[in-house]
Amino acid sequence: MTQSTDAAPHGGVTIPHDALVAFTTEVFTGRGVPEGRARTAAEALVHGDLTGLTSHGLANLTRLYLPALDAGRIDATAEPEKITDTGAAVLLDGRRSLGLWAATEALDLAADRAAQTGIALVTMRDATHFGCAGHHTARIARRGMVAFLASNCGRQRIARPPGGRAAMLGTNPFSIAAPAGDRPPYVLDMSTTVVPTGKVRAAARAGEPIPEGWLEDAEGRPVTDPRALDAGEGFLRWLGGDPATGAYKGYGLGLMVEVLAALVPGAGLGPAPEALNGDGQPSGRDDDIGLTALVVAPGALRPGPDFDAEADSLFGSLLNCPPLDPARPVSYPGRPEELTAEHRRRHGVPLSAQCHAELTALAAEQGLGFPEPVVAQDGLPSAGVR
Ligand SMILES: NC(=O)c1ccc[n+]([C@@H]2O[C@H](COP(=O)([O-])OP(=O)(O)OC[C@H]3O[C@@H](n4cnc5c(N)ncnc54)[C@H](O)[C@@H]3O)[C@@H](O)[C@H]2O)c1
């Protein structure tokens, strides 16, 4: 779950948000990504660290995006190509363009169209990894619209259908966001498996066990060693866990994403005959990802202030729900991340020691300066636990 703490992890540092975005922009432009596109992508990537969704933040720069750019699996300058345009629905070929940028473009296009038609869909094949789905949808909620974004994982297969022996699907994330009056927007942003791979890998890097319920072995028994995922000995479980506790709902949501985000645009599919060749172990690559962006513009359907007032009342009522524990007030998805982000925009973004070391090494390699840590009031850099 989202971290609420703001202290830099032990041995880590706190870096000003804008400086992190500027650094990340420079890294992308150094790899040939055009300036404006690089900045959009940098904002999407730093969003993970800014909001506490660190499994999809800067830790992925050296692990995922730069290797994919270097290998040509992401094309730094490719322009998505329009295949079909019906007005309210657009099909694009993403042409391996940088997903952190292309998802923002897809949602902006859908929002511009929805402002006229009330609803619009932009769907893309041959896309690449877009980071945190909620970063992209929240931007549209701030424009007063309701946004949905989903992505499959191309042909990457790491989760098995409940009761099945072969891995067939990815973590298939989606997000839906809506305005909440003057409050932070509602932003549900989640993998449809119990956790994304990034959280398992973060535990493996930290040498920590994972809770029972994230991974299972070939026979369905719980696995608490996170290294099992990349050793091919652990399968991610669906949200809900077991069939008796709702696994078919998580699995069904994963398939919803596969249908809307990949089957509709004609992207790579997880479940395919080749998934059954071999021993059923995790297989395939997250190339030819599909994504779908859908925007509803309430203002085009019911002009006037009613929608905004009712959204304000809806989310305000939830916040006023009496809590079980007075120390833990009731919230709604998206609010904890936005409150964290507001604080970090002012006071800096904590990075783990490992992430900081990776980024400073990258800076040295590319001949870039790395931003200085925020200096705390006692005059010491706000590094580590003080
Ligand atoms: N691009 C990809 O291929 C890919 C794949 C998987 C996941 N992801 C991303 O990984 C990120 C993390 O996913 P996750 O499943 O670990 O999310 P999570 O479990 O951290 O959060 C899930 C949802 O729960 C809500 N939530 C958490 N604590 C809350 C609280 N106290 N009160 C109210 N709501 C609360 C959050 O706002 C969020 O909407 C997401 O940004 C997701 O888009 C991306």
Side-chain angles (χ1 to χ4, degrees), residues 1-5 41 44-57 59-60 63-65 68 74 98-100 102-104 127-138 141 147-156 158-159 169-178 180 183-203 210-211 213-214 229 236-240 250 253-254 257-258 261-262 267-268 270 285-292 315 318-319 321 323-325 327-341:
M1 283 292 147
T2 308
Q3 294 172 359
S4 56
T5 172
L45 187 56
V46 174
H47 171 90
D49 303 279
L50 180 69
T51 55
L53 298 167
T54 47
S55 61
H56 286 71
N60 277 344
R63 274 186 192 81
L64 196 162
Y65 297 103
I74 296 177
L98 186 55
L100 290 164
T104 290
T128 65
H129 198 277
F130 62 32
C132 296
H135 166 74
H136 305 287
T137 55
F148 173 86
L149 177 67
S151 154
N152 85 333
C153 298
R155 298 185 184 86
Q156 186 185 52
I158 43 190
L169 287 152
T171 55
N172 286 14
F174 77 90
S175 171
I176 179 160
R183 303 180 176 81
Y186 155 67
V187 187
L188 175 62
D189 179 16
M190 50 177 262
S191 59
T192 47
T193 47
V194 171
V195 286
T197 52
K199 282 192 181 165
V200 181
R201 292 188 176 124
I210 52 172
W214 287 15
L229 177 72
L236 273 175
R237 304 183 88 213
W238 295 103
L239 201 60
L253 286 172
V257 170
E258 197 75 16
R285 295 183 89 171
D286 51 352
D287 290 329
D288 195 8
I289 287 173
L291 71 81
T292 282
F315 290 99
L318 291 170
L319 296 183
C321 177
L324 287 172
D325 174 355
R328 300 172 69 87
V330 172
S331 191
Y332 57 81
R335 186 169 178 272
E337 289 82 9
E338 183 52 31
L339 296 183
T340 299

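Note that ligands are numbered from 1 as they come in the structure, with each ligand's atoms numbered from 1 the same way. Only this structure's heavy atoms are used, side chains among them; waters, hydrogens and symmetry mates stay out.
Rounded to the nearest 0.5 angstrom, H56 NE2 and L100 CG are separated by 10.5 Å. How far CZ of F174 is from OG1 of T292: 13.5 Å, rounded to the nearest 0.5 Å. Summarising the geometry, atom CD1 belonging to I210 is positioned 8.0 Å from atom CG belonging to L229; distances are rounded to the nearest 0.5 Å. Expressed to the nearest 0.5 Å, how far NE2 of H129 lies from CG of L291 amounts to 12.0 Å. From N172, atom CG reaches atom OG1 of T193 across 8.0 Å, with rounding to the nearest 0.5 Å. M190 CE to L239 CG: the interatomic distance, rounded to the nearest 0.5 Å, is 5.0 Å.
The proximity of C132 to ligand 1, defined as any non-hydrogen pair under 4.0 Å, involves the side chain as well as the backbone. Within the 4.0 Å heavy-atom criterion, the part of V187 lying near ligand 1 is the backbone and not the side chain. Contact annotation: for H129 versus ligand 1, heavy atoms closer than 4.0 Å belong to the side chain alone. The side chain of E337, and not its backbone, has at least one atom closer than 4.0 Å to an atom of ligand 1 (non-hydrogen atoms only; side chain from C-beta on).
Between V194 and ligand 1, no pair of N/O atoms sits closer than 3.5 Å. Backbone and side-chain nitrogen or oxygen atoms of L53 are examined, and none is located within less than 3.5 angstrom of a nitrogen or oxygen of ligand 1. In terms of polar-atom proximity, T171 is not counted as a contact of ligand 1, lacking any N or O under 3.5 Å from an N or O of the ligand.
Considering S331, P184, P333, P196 only, the shortest heavy-atom separation from atom 14 (P) of ligand 1 involves P196. The residue among S151, G48, G131 with a heavy atom at the shortest distance from atom 1 (N) of ligand 1 is G131. Of the candidates E338, H135, H56, K199, the one placing a heavy atom closest to atom 8 (N) of ligand 1 is H56. When L149, D189, L100 are checked for heavy-atom proximity to atom 41 (O) of ligand 1, D189 turns out nearest. Residue nearest to atom 32 (N) of ligand 1, selected from A150, P173, P336, A177: P336 (by heavy-atom distance).
Short contacts between ligand 1 and L188, defined as distances under 4.0 Å to a heavy atom of the residue, involve ligand atoms 39 (O). Residue M190 has at least one heavy-atom neighbour below 4.0 Å for each of these atoms of ligand 1: 15 (O). Residue F130 has at least one heavy-atom neighbour below 4.0 Å for each of these atoms of ligand 1: 1 (N). Near G334, meaning under 4.0 Å from any of its heavy atoms, are these atoms of ligand 1: 37 (O).
Closest heavy-atom contact between C132 and D189: CB-OD2, 4.0 Å. Across Y332 and P184, no two heavy atoms sit closer than the pair OH-O, 2.6 Å.
Scored by the salt bridge (charged side-chain N to carboxylate O under 4.0 Å, His left out) test, R335 finds no partners at all (sequence neighbours excluded).
In this structure, S175 falls outside the shell of residues with a heavy atom less than 4.0 angstrom from ligand 1.
Formation of a donor-acceptor pair under 3.5 Å by the R328 side chain with backbone atoms of L324 is not found in this model.
With respect to W238, the side chain to side chain contact (heavy atoms under 4.5 Å, CB included) criterion is satisfied by exactly one of V194, L253, L169: L169.
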